[in-house]
Amino acid sequence: MIDAHQHFWRYDPIAYAWIGPGMEVLARDWLPADYAPLRERHGIATTIAVQARGEEADTEWLLAQARAYPWIAGVVGWVDLRAADVASRLAHWQSQGPLVGVRHQVQDEADPAAYLADAAFNAGVAAVQRAGLVYEVLLRHDQLHAARAFCARHDAAPLVLDHLGKPDISGDATAYARWEEQMRALAALPHVHVKISGLVTEAGRDAHGALDRAGIVRHLDAVLALFGADRLLFGSDWPVCQLAVPFDDVLALARDWAAPLPAGEREAIFGGNARTLYPSAQSTR
């Protein structure tokens, strides 16, 4: 099993300004030593650690953690993709450890559509693909309209959409239909993959405070039908998931949803697809 999406950080309130009121559980260090018991309890062979702030110092620190803990099989880091020397920056970080991908938090830009159309940014994403790395797309459901043209431009290597595009899991029929339409357009691009991650923090709760598991399952069923099991990857989104439920609940929900699937499809979602996209995740180094 591979957890294809989790985070580590040494907390600093300025560097992690996105951790705001109501998110106090995240406002502390979250390190490999904190994740290790979960990994051991659930038989997780390796993980992919994903950037949580837009600085190359974060990439440097994550790669250092991967060197110290071989079960961190890959790092999706942050690199200034609009820099003129982006190719040499990518090569430098690849030489420092198992850099497997790059992500920019486009969801936080003032105009995500304009950012995805920016010439310098697109040149950087093309450099990522030439370097043999995965680019991970981070957008919310109301920003997905800009994703298809961007993803269609960058078909030289796989792309991964994080968190199902952060759907509005509220039961609103219009929101669901709009999200499903955008996901259908992305599914038509065979190089686009999707992480089934981050959903517990997008779901609402009922009058008794229970998580909307049915809403989550509805969205998981939709991406399975649209993309197929061979383009889905499980990720816990730990420790961010703890804003809603513990790690154990995230994994149990995903396993319960996948239980009726053929064994080969379950293996693909919970490990095989990550091993294909991120070759360093084949085994601990």
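FYI, the numbering just counts along the sequence from 1. Only this structure's heavy atoms are used, side chains among them; waters, hydrogens and symmetry mates stay out.
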Are [X] and [Y] close enough that a side-chain donor and a side-chain acceptor fall under 3.5 Å?
X	Y	result
Lys166	His141	no
Asp168	Ser170	yes
Asp248	His42	yes

**Single-linkage hydrophobic cluster, 4.5 Å side-chain cutoff, Trp78 and Trp61 together** =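 No, no single cluster joins them.
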**Message:** Is there a path of hydrophobic side-chain contacts, each under 4.5 Å between heavy atoms, that joins Val125 and Leu138?
**Reply:** no
Is the backbone N or O of [Y] less than 3.5 Å from a side-chain atom of [X], with the two atoms forming a donor-acceptor pair by type?
X	Y	result
Gln129	Ala127	no
Trp18	Ala52	yes
Gln51	Arg53	yes
Asp3	Ser236	yes
Arg255	Val250	no
Asp111	Ala114	yes
Asn122	Ala119	no
Glu56	Asp80	yes

Could you pull out the closest heavy-atom pair between [X] and [Y], with the gap in Å?
X	Y	result
His145	Ala113	NE2-CB, 4.4 Å
His7	Val240	CD2-CG2, 3.9 Å
Arg231	Val192	NH1-O, 2.8 Å

**Message:** Which residue in the set Arg103, Gln107, Gln105 passes side-chain hydrogen bond (donor to acceptor under 3.5 Å, both in side chains) when paired with Asp162?
**Reply:**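 Going through Arg103, Gln107, Gln105 one by one, the side-chain hydrogen bond (donor to acceptor under 3.5 Å, both in side chains) with Asp162 is satisfied by Arg103 alone.
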**Prompt:** Do Arg28's NZ or CZ and the ring of Trp30 fall within the cation-pi criteria of under 6.0 Å and 45°?
**Reply:** yes
**Request:** With sequence neighbours excluded, give me every side chain to side chain donor-acceptor pair (under 3.5 Å) pair touching residues 210-223.
**Result:** Asp221-Trp257
**Request:** List for me each residue that meets side-chain contact (heavy atoms from CB on, under 4.5 Å) alongside Asp155, sequence neighbours excluded, and say none if there are none.
**Result:** His191
**Item:** Pairing residues for Ala120 by the side-chain contact (heavy atoms from CB on, under 4.5 Å) criterion, not counting sequence neighbours
**Value:**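 Partners of Ala120 under the side-chain contact (heavy atoms from CB on, under 4.5 Å) test: Arg82, Asp118.
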**Prompt:** Are Lys195 and Glu136 ion-paired here, with the side-chain N under 4.0 Å from a carboxylate O?
**Reply:**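 Answer for the salt bridge query: yes.
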**Item:** Ile44 CD1 to Met1 CE distance, which is reported to the nearest 0.5 Å
**Value:**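 The CE atom of Met1 is 4.5 Å from CD1 of Ile44, to the nearest 0.5 Å.
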**Request:** Over 60° means perpendicular and under 30° means parallel, so classify the ring planes of Trp9 and Tyr16, tilted if in between.
**Result:**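 Because their plane-to-plane angle lies in the 30° to 60° range, the rings of Tyr16 and Trp9 count as tilted.
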